[in-house]
Each structure stands twice: as C-alpha cells, then as structure tokens.
Amino acid sequence: MKSLSKKNSGISASMTLAITAKAKQLKESGVDIVSFGAGEPDFNTPEYIRTAAIKQIEKGGNGYTAASGLLELKKAICDKLKRDNELDYNPEQIVVSSGAKHSLFNALQTLLNPGDEVIIPSPYWVSYYELVKMADGEPVLVEAEASNLFKVTVDQLEKAVTKKTKAIIINSPNNPTGAVYSKEELVEIGVFAEQNDLYIISDEIYEKLIYGKRHYSIAALSESFKERTIVVNGLSKAYAMTGWRIGYTASTVEIAKIMSNIQSHATSNPNTIAQYASIEALNGNQEPIEVMRKAFDERRQFMVKTISAIQNVTCVEPEGAFYVMVNMAYFIGKKIKGIDIKNSIDLASVLLDDANIAVIPGIAFGVDDYIRLSYATSMVNIEEGLKRLKVFCEQ
C-alpha cells in the first residue's frame, strides 16, 4: 500500500492525555493513585449554565448554526471583551470554535505558509509545538528562565527572530508555569512584534484564574498591537466547561474570514447546545468564577509552601492558572528502584509505579528537569499526594 502522510505521521500524541489515561487505568484496577495530571477544573459547570442548556434542548431549534457561531454568542463575546479587556470588536471579527485548541489550530492554519517560523516561549503548552507543525510551520523555542518567573525577555526574542519568523505565541497566564506577564512586559513584546512585523497569537484561556495580579490582553495596549493580534480564549477554564468545547478568537475581519472558511469545511459550527449555554455563561452570574478562583488560590499557596519544604526539589510560585512546575533535576541521572532515570518521562513513570502519584513529565512542555503538578483537585488529594512526593524525594 502507498505510504501515509509524512507530515501527520510525525505528529506526537499528547503526553498529558497519555499519562492521565494510564493513571486512570491503574485507578480503575484498584490502585490508590493520586493524580496531579488534571488540566481541567474539578468543579461542575455552574447550575445556571446547565439549566440554560437543558431549556434550550427542550425548546428545540438545535440544528446547525453559522459555521463561525451564533450571532447572539458573538455579541456576548464582544460584550465580554469590552467589559473585561477594554477591547472593541464587532461580531464579524469573532469566530467561535470547538474549544480554544481548535481556535489555535484555525489561527495557525490561517497565518502560516510552509517554512514560516513561530516563536514559542518554553515551557509551553504541549499542543503549540505540534499545531505549528500541522500548519507546515517551524516551531522556534525560546527558553524562559525560572529566575525570571518563566517569562521570556525581548533580548531573548531578538536572538530567536529571523527573516522567516511569522508569529509569536504568548500564553498569559501560562500553562504549565502559571507565569503572568505584566503590562510593561507585554508592551515590550508588542513593540518587538511591530519592529519585526510579526503576528501575535495571545492565548488568554486562563485569564480568570489569576492571583494577586491583573490580567492584561496585549491587544488592548495599542491599536497597532490589536491589528496584528489574534486573541484566543474560551469557556472551559473560567466556567468549568471543558467538555462543552467552546473557544473563540477575536481578530481582524480578514483573518476571521479565513478562519471561518477553514472551519466551514473542517467541522462546520461548534456544538449548538454548548453555544447557547455559553451565551448564558457570559451574560449571567459571574460569582461562581470567583468561588473557583479562591479555592484554587488556597490550594496554590498550600502546594507552594509544602513543596518548598521538601528536600531536593524547588518550585516557582505560579501567579495564574492551576499548575506548579517542580524542578526535579536532582533525580535525573540517578538510579531509583533499579531504574535509570534518564529524563522526566522515566521519573514520571517511577512516581506513578512506586509512589502512586500521577504527574506530567516536563519534557511535554519543553523542559526535561521538571514535572507539572495540577492543583485542580481536592485539598485531600493534594495533601496526600504531596506526602507521597516528600517520602519519594527524601528517601
């Protein structure tokens, strides 16, 4: 038989999903696993959103919508962007997709030609690298240092830019590090993008989960920045709506039109019921967001304090999202339980098998000396899991 697609045969599976699946299998077989792998809130979708979806199902009119989303939802998104981010968009600049990952896919497919380079600050969310490759682009990693709270500097970006560079991806608050860029830092990045004529993809999916700082959208800091920025956001993290699969972009009309055309052939409209639920989420009671944020903040502080007291490991306090990156460099190169620990994958495997803790290896995010712990789980699980981690690290 003829060979399959060379480009897509080289796409790697998501490590975050793979580890989570293995932990789930062990748990179902009776093993007492504490999982720190979750990339979604451990809260139910707020009742008023669920109720709106049920009412819409009973009401009917749940067929296809416009490929780029319901006009009413686009208007609600425009209102949200104005209210929360001081951004003025109109509905024709909004494209609603099946989750923020789908929005990122559309954005990169729209921007890139074969060989175009995209700068990705590292540690990075696992799918950025592969999404760029799927759009025939070349990912260019710029390593953010822990000493700078995992944020890249313009000096670093200047060393990475070439004539082939087309765009830069900014994720603030960041998955996996929780890094939050300040207004001043975003302005510097925006100026850098202007000077090098780059597009900016601004992934703001964790904007509501931020602690002690304020979220800024780079598109709101200059009209010029806005013209070259694709804002990516969604409902999954802020409203505990991961499975509802609603994300969206805000961009120029020209970019939005191309993304809409791509989506019209790839998937058509995102889930209709989820769109109606999202209208209610954006226009309705916002108090449940703060309830979740406060719970995550309590867990965050406990995790950082506890991890900081464990021998042989360190961590940087996250300022957003719900993850902590733990530096496990001390264990790389050692033999543990008869296994040579060559990288973070080996370490995650030993932690799962020996300590019954599920973590995500840092190599999935471009940093092999780290593991990622999610605090999107109960305080009971966090306390027990960190006890096990302490025993493992100090034995």
Side-chain angles (χ1 to χ4, degrees), residues 14 16-17 39-41 45 49 53 65-81 84-85 87 89 91-111 124-128 130-132 134-135 167 169-175 199-209 215 217-219 229-252 255-264 266-283 289 320-322:
S14 169
T16 57
L17 296 180
E40 58 183 335
T45 305
I49 300 172
T65 72
S68 59
L70 286 162
L71 178 59
E72 188 179 355
L73 176 53
K74 292 184 179 185
K75 289 179 177 178
I77 291 168
C78 289
D79 290 342
K80 179 266 174 218
L81 290 168
D84 295 347
N85 309 111
L87 282 167
Y89 288 100
E92 64 179 339
Q93 295 176 278
I94 308 299
V95 177
V96 184
S97 303
S98 299
K101 184 183 291 190
H102 188 197
S103 296
L104 288 161
F105 175 87
N106 286 343
L108 289 162
Q109 293 289 329
T110 297
L111 294 182
Y124 55 87
W125 178 55
V126 61
S127 290
Y128 291 151
E130 301 298 343
L131 287 170
V132 170
M134 290 168 71
I169 297 177
I170 296 296
N171 177 208
S172 177
N174 178 271
N175 173 9
Y199 289 101
I200 303 167
I201 298 175
S202 182
D203 183 350
E204 304 177 20
I205 192 70
Y206 289 95
E207 67 160 328
K208 296 293 186 181
L209 301 178
H215 169 75
S217 175
I218 193 168
T229 298
I230 301 176
V231 175
V232 177
N233 210 324
L235 284 289
S236 62
K237 312 301 182 182
Y239 297 92
M241 293 178 68
T242 51
W244 299 72
R245 307 310 301 137
I246 295 294
Y248 59 85
T249 55
S251 63
T252 64
I255 289 173
K257 183 177 180 181
I258 296 173
M259 288 195 289
S260 177
N261 289 344
I262 291 170
Q263 186 163 298
S264 71
T267 64
S268 295
N269 65 276
N271 181 284
T272 300
I273 301 303
Q275 288 191 69
Y276 281 109
S278 297
I279 293 169
E280 187 66 24
L282 292 170
N283 291 341
I289 297 177
F322 40 66

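Every heavy atom of this structure was used, including side-chain atoms; hydrogens, water molecules and symmetry mates were not. Residue numbers run from 1 in the order of the sequence given.
A 4.5 Å side-chain heavy-atom check between Ile94 and Leu81 finds at least one atom pair inside the cut-off. Between Ser236 and Ile205, the closest side-chain pair of non-hydrogen atoms falls below 4.5 Å. Within the 4.5 Å cutoff, side-chain heavy atoms of Trp125 are placed close to those of Lys101.
More than 12 non-hydrogen atoms from other residues, nucleotides or ligands lie less than 6.0 angstrom from OH of Tyr128. Shown here is Glu72, whose CD atom has no more than 12 heavy atoms of other residues, nucleotides or ligands within 6.0 Å.
Taking CG from Leu111 and CD1 from Ile255, the interatomic distance works out to 5.5 Å, rounded to the nearest 0.5 Å. Annotation: the span from Thr110 atom OG1 to Gln263 atom CD amounts to 10.0 Å, rounded to 0.5 Å. Here Leu282 contributes atom CG and Tyr248 contributes atom OH; the two are 6.5 Å apart, rounded to the nearest 0.5 Å. Taken to the nearest 0.5 Å, the CD1 atom of Ile262 stands 12.5 Å off from the OG atom of Ser68. Atoms NE2 and CG, on His102 and Leu131 in that order, are 10.5 Å from each other to the nearest 0.5 Å. Rounding to the nearest 0.5 Å places CD of Glu40 at 13.0 Å from CE of Met241.
Between the side chains of Asn85 and Lys80, at least one donor N or O lies within less than 3.5 Å of an accepting N or O. Side-chain N/O atoms of Asn106 and Ser97 include a donor and acceptor closer than 3.5 Å.
Side chain of Ser264 to main chain of Asn261: a donor-acceptor pair is present (N/O by atom type, distance under 3.5 Å, no hydrogens or angles). Checking side-chain atoms of Lys237 against main-chain N and O of Gly39 turns up a donor-acceptor pair under 3.5 Å. Under a 3.5 Å cut-off, the side chain of Gln275 and the backbone N or O of Pro270 do form a donor-acceptor pair. The backbone N or O of Ser251 lies less than 3.5 Å from a partner atom in the side chain of Gln93, making a donor-acceptor pair.
Listed here is the closest heavy atom pair of Ala100 and Val232: O-CG1, 3.9 Å. Nearest approach of Tyr206 to Pro173, heavy atoms of both residues: O-CG, 3.4 Å. Annotation for Ser172 and His215: closest pair O-CE1, 3.3 Å, computed over non-hydrogen atoms. Between Ala238 and Ile289, the shortest heavy-atom contact is O-CG1, 3.5 Å. Closest approach of Glu204 and Ser217 over heavy atoms only: OE2-OG, 2.8 Å. For the residue pair Leu108 and Ile201, the shortest heavy atom distance occurs at CD2-CD1, 3.6 Å.
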Are Leu235 and Trp244 close enough, and set up right, to give a side chain to side chain contact (heavy atoms under 4.5 Å, CB included), and what steps lead you there?
-> CA-CA 8 Å; Leu235 284 289; Trp244 299 72; over 6 Å; no

With side chain to side chain contact (heavy atoms under 4.5 Å, CB included) as the test, would you mind laying out the steps for Val96 and Leu70 before giving the verdict?
-> CA-CA 8 Å; Val96 184; Leu70 286 162; over 6 Å; no

